[in-house]
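See structure below.
In this text the structure is predicted, and so the values were computed from the model without any measurement.
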Amino acid sequence: MSSDAPSSDAIVSEATCRVVRPGPDVIGKQALTYAPAVSAESVGSTGLHMQLVTLPPGARAKAHLHEAHETALHVLSGVAGTWYGPRLEHHLWSRAGDFVYIPAGVPHLPYNASRTETCTAVIARTDPNEQESVVLLPELDALRPPEGDVMAEE
């Protein structure tokens, strides 16, 4: 152990570790169903928010971005498609087991690419208040109407 490291006797903190179970489902500004868990509201987080998102078959978000906040997600089940970019001109697939990173300020529009299976993911964001940084982009929704979503092979 380095001589510069504090001894365990010197570490004093008001903070405590906690187990957090997802709260009741809420519908976010993006029109997706979330089960909030770690947040400023639940544990006093100052820089992180984690939650579950569930997309029923064929569900999609509204086009949006998160100002000044990064997003990472881990797909637990199902397959999602995501349109992204200034004009939603790019597309990516994410399947169970995949991790996805979305930089701050990048417009995106995720959707469940299955007509039969639910898609569930854990989301972590650098906004402890979750919905505070959401900026809806209705002008982009028309660029990617639902009938244009690429669906996964069943």
Side-chain angles (χ1 to χ4, degrees), residues 13-146 148-152 154:
S13 176
E14 299 281 329
T16 186
C17 297
R18 299 192 202 174
V19 171
V20 181
R21 290 184 173 74
D25 287 352
V26 296
I27 305 296
K29 293 177 189 176
Q30 310 92 309
L32 297 178
T33 302
Y34 299 99
V38 174
S39 67
E41 296 80 9
S42 67
V43 297
S45 174
T46 60
L48 177 70
H49 184 99
M50 286 185 75
Q51 62 190 355
L52 290 173
V53 62
T54 302
L55 289 84
R60 72 190 330 248
K62 294 179 180 179
H64 65 282
L65 59 79
H66 302 273
E67 284 185 326
H69 293 285
E70 297 172 293
T71 300
L73 60 95
H74 177 63
V75 181
L76 300 175
S77 65
V79 58
T82 302
W83 296 105
Y84 69 97
R87 309 271 308 147
L88 302 178
E89 66 273 25
H90 304 291
H91 186 271
L92 64 79
W93 291 109
S94 53
R95 300 177 188 285
D98 289 344
F99 290 85
V100 177
Y101 170 72
I102 302 171
V106 172
H108 55 285
L109 188 162
Y111 65 95
N112 183 338
S114 172
R115 297 188 197 288
T116 59
E117 301 295 323
T118 297
C119 182
T120 304
V122 174
I123 297 176
R125 191 167 294 117
T126 58
D127 180 353
N129 297 300
E130 175 17 43
Q131 292 287 304
E132 296 301 313
S133 70
V134 174
V135 176
L136 296 178
L137 303 167
E139 67 279 10
L140 296 184
D141 284 320
L143 298 177
R144 294 293 175 188
D149 287 346
V150 181
M151 301 306 281
E154 300 292 338

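By the 4.5 Å heavy-atom criterion applied to side chains, W93 and V150 are counted as neighbours. P57 places none of its side-chain heavy atoms less than 4.5 Å from the side chain of T116. Between R125 and I123 the shortest side-chain heavy-atom distance falls below 4.5 Å. Between L52 and L76 the shortest side-chain heavy-atom distance falls below 4.5 Å.
Here the closest heavy-atom approach between residue A68 and residue A104 is recorded as C-CB, 3.6 Å. Considering all non-hydrogen atoms of both residues, G105 and L65 come closest at O-CD2, 3.7 Å.
Sorted by first and then second residue, the salt bridge (Lys or Arg N to Asp or Glu O under 4.0 Å) pairs with a member in residues 62-86 form an empty list; sequence neighbours excluded. Applying the side chain to side chain donor-acceptor pair (under 3.5 Å) definition to pairs two or more places apart or across chains, those involving residues 27-41 are Q30-Y34, Q30-Q131, S39-E41, S39-S42. Sequence neighbours left out, not one pair with a member in residues 18-27 passes side chain to side chain donor-acceptor pair (under 3.5 Å).
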Result block: side-chain N/O donor-acceptor pairs under 3.5 angstrom for residues 79-88, not counting sequence neighbours:
residue : atom : partner : partner atom : Å
W83     : NE1  : D149    : OD1          : 3.1

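For T126, the side-chain hydrogen bond (donor to acceptor under 3.5 Å, both in side chains) test picks out H69, with sequence neighbours left out. H108 pairs by the ring pair (Phe, Tyr, Trp, His ring centres under 6.0 Å) definition with H64, H66, not counting sequence neighbours.
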